[in-house]
Protein chains: 2
Amino acid sequence: MTNSVDEKLAGKRERLVAAAARVFHERGVEKTTLADIARAADVPVGNVYYYFKTKDQLVQAAIGAHERVLRDTIAGLERHEAPADRLKTLVRGWVDQREVAAQFGCPSGTLAAELDKRADGLDREMARVMRGLIDWAQAQFGAMGRPDAAELAVALIAAYQGISLLTNTFRDPEMMAAEGRRLERWIDSLAA
Amino acid sequence: MTNSVDEKLAGKRERLVAAAARVFHERGVEKTTLADIARAADVPVGNVYYYFKTKDQLVQAAIGAHERVLRDTIAGLERHEAPADRLKTLVRGWVDQREVAAQFGCPSGTLAAELDKRADGLDREMARVMRGLIDWAQAQFGAMGRPDAAELAVALIAAYQGISLLTNTFRDPEMMAAEGRRLERWIDSLAA
DNA sequence: GTCTATATTTAGATAGAC
DNA sequence: GTCTATCTAAATATAGAC
């Protein structure tokens with residue numbers, strides 16, 4: 001759910017993808033020009049078209065970057081044995097990123113919201129990525145013995161998406177921290 | 001939190017404001033052209049500039065429309081005596097709008113998210129409007145005797161914003177309905 | 001593979017007739 | 001107050017030299 005990809009190393013294609021994901025998050029897809037991405041990736045403007053024929057293809061590549069970050073995040077969480085610990089560690093990761101959320105919102109959520117307004121079918125791609133996280137959370141709640149795991153998983157991710165939006169709207173990272181503490185208590189109460 | 005304003009009656013200025021609020025919600029601020037708004041309001045393109053000198057001014061007017069809708073919503077809720085009833089009626093209103101949320105997201109939330117990416121200061125205006133709803137919810141939780149009213153109010157509005165985003169991402173109004181039921185149970189559990 | 005120069009398109013904004 | 005025609009700026013995309 002975060003956005004840290006190396007932009008200085010690797011080939012131009014990789015730099016362009018990493019820069020696109022970052023700049024789309026910071027400035028929004030619509031307001032981002034290909035010149036912005038080229039500058040951020042330290043690649044000449046015209047050269048972008050050698051790697052990506054359209055802006056849509058760059059958006060698609062950025063979605064792929066989000067998917068990889070999410071997969072790595074989940075892999076890291078599974079080093080914990082107890083599902084409640086996994087979920088609470090996920091929440092703590094969100095809180096750790098609260099300054100970014102206050103500045104730009106959740107990388108995945110803001111992208112999903114923007115893609116919904118576009119004619120291309122990329123919003124379906126983004127929905128699939130978010131579905132992955134919800135399914136994983138559902139599996140954890142299920143392992144905790146909750147028959148309402150599906151509903152709880154949606155509620156958890158919704159809580160994160162919502163507090164990301166408010167944290168961003170009010171530019172107040174402490175909102176995310178307070179909600180994180182509340183969510184951790186909530187997860188504990190479900191385990192009991 | 002909804003968007004129903006009469007666009008066929010009243011003067012051109014009012015029609016333009018109502019059309020702007022609606023089209024900004026449906027297509028997003030960035031993707032909406034002044035020609036889109038003019039067409040929706042049944043006003044010639046060039047004539048828009050007689051009423052609003054810039055697109056920013058139309059956005060500002062749309063924020064004002066959201067503020068009025070929110071104020072009316074709150075006034076309606078206060079016909080209930082018990083604060084828990086007020087909050088649950090608010091939740092039911094969100095669920096009633098679930099089809100709109102599935103298509104376009106929460107009118108206020110999507111606007112707040114988009115304005116954050118713009119250079120103008122209009123995101124601060126939108127934050128003030130959303131703050132109004134949070135403060136009102138906080139007053140209700142406070143009247144229920146909750147010392148953690150501030151935190152609960154943020155959690156409630158965040159839950160709504162988050163489930164709006166997911167309902168929109170997955171184009172699934174039932175997600176909003178399920179979360180609404182959960183939130184009503186949650187409010188009841190806090191009153192006890 | 002890389003880059004410059006430029007074509008094409010579109011949207012915000014304005015001038016001025018009515 | 002209303003509307004048409006048009007200007008200007010900016011962004012996507014392409015052609016073609018190197």
Side-chain angles (χ1 to χ4, degrees), chain A residues 7-63 110-111 114-115 117-123 125, chain B residues 7-64 110-111 114-123 125:
Chain A
E7 283 166 50
K8 293 302 166 190
L9 313 169
K12 292 195 176 179
R13 191 186 183 87
E14 285 69 30
R15 290 215 310 275
L16 281 167
V17 174
R22 182 168 58 83
V23 181
F24 283 153
H25 180 214
E26 294 177 0
R27 307 171 62 110
V29 175
E30 292 303 326
K31 298 221 72 165
T32 296
T33 69
L34 298 185
D36 291 333
I37 296 172
R39 196 179 327 109
D42 202 30
V43 165
V45 201
N47 200 353
V48 173
Y49 286 95
Y50 177 76
Y51 296 97
F52 300 95
K53 273 189 269 296
T54 63
K55 188 178 179 178
D56 268 19
Q57 288 190 4
L58 267 167
V59 175
Q60 192 155 22
I63 295 173
T110 55
L111 185 56
E114 257 195 302
L115 293 183
K117 307 301 185 195
R118 291 171 69 93
D120 53 59
L122 294 176
D123 54 343
E125 278 286 296
Chain B
E7 284 165 49
K8 294 301 165 191
L9 314 168
K12 294 194 177 180
R13 189 186 185 87
E14 285 69 31
R15 291 215 308 276
L16 281 168
V17 174
R22 183 168 59 81
V23 181
F24 284 155
H25 180 212
E26 293 177 2
R27 306 170 63 108
V29 175
E30 292 303 327
K31 296 221 75 163
T32 296
T33 68
L34 298 184
D36 291 333
I37 296 172
R39 197 180 326 110
D42 202 32
V43 165
V45 202
N47 199 354
V48 172
Y49 286 93
Y50 177 75
Y51 296 97
F52 299 95
K53 272 188 269 295
T54 63
K55 188 177 180 180
D56 268 18
Q57 289 189 6
L58 267 168
V59 175
Q60 192 156 22
I63 295 173
T110 54
L111 186 55
E114 257 195 302
L115 294 184
D116 172 66
K117 307 298 185 195
R118 292 173 67 93
D120 53 58
L122 293 175
D123 55 341
E125 279 285 297

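Letters A, B, ... mirror the listed sequences (proteins, then strands); counts begin at 1.
A:L58 has its CG atom 13 Å from the C1' atom of D:dA13, to the nearest Å. B:D56 has its CG atom 11 Å from the P atom of C:dG12, to the nearest Å. The distance from atom CZ of A:R15 to atom C1' of C:dT2 is 12 Å, rounded to the nearest whole Å. C:dC18 atom C1' lies 13 Å from atom CG of B:N47, rounded to whole Å. Rounded to an integer number of Å, the gap from B:L34 CG to C:dA13 C1' is 9 Å.
Between A:Y50 and C:dG1 there is a side-chain N or O to OP1 or OP2 distance below 4.0 Å. For A:Y49, a side-chain nitrogen or oxygen approaches OP1 or OP2 of D:dA13 to under 4.0 Å. Neither OP1 nor OP2 of D:dA10 sits under 4.0 Å from any side-chain N or O of A:K31.
Counting any heavy atom pair closer than 4.0 Å across all strands shown, B:F52 reaches no nucleic acid atom.
A:R22 has a carboxylate O that lies under 4.0 Å from a charged side-chain N of A:E26, or vice versa, which qualifies the two as a salt bridge. The existence of a salt bridge linking B:D36 and B:K31 is excluded, since no basic side-chain nitrogen approaches an acidic carboxylate oxygen closer than 4.0 Å.
Using a 4.5 Å heavy-atom threshold, the side chains of B:L34 and B:L58 count as touching.
Across B:D120, B:T54, B:L122, a single residue satisfies side-chain contact (heavy atoms from CB on, under 4.5 Å) together with B:Q60, and that is B:L122.
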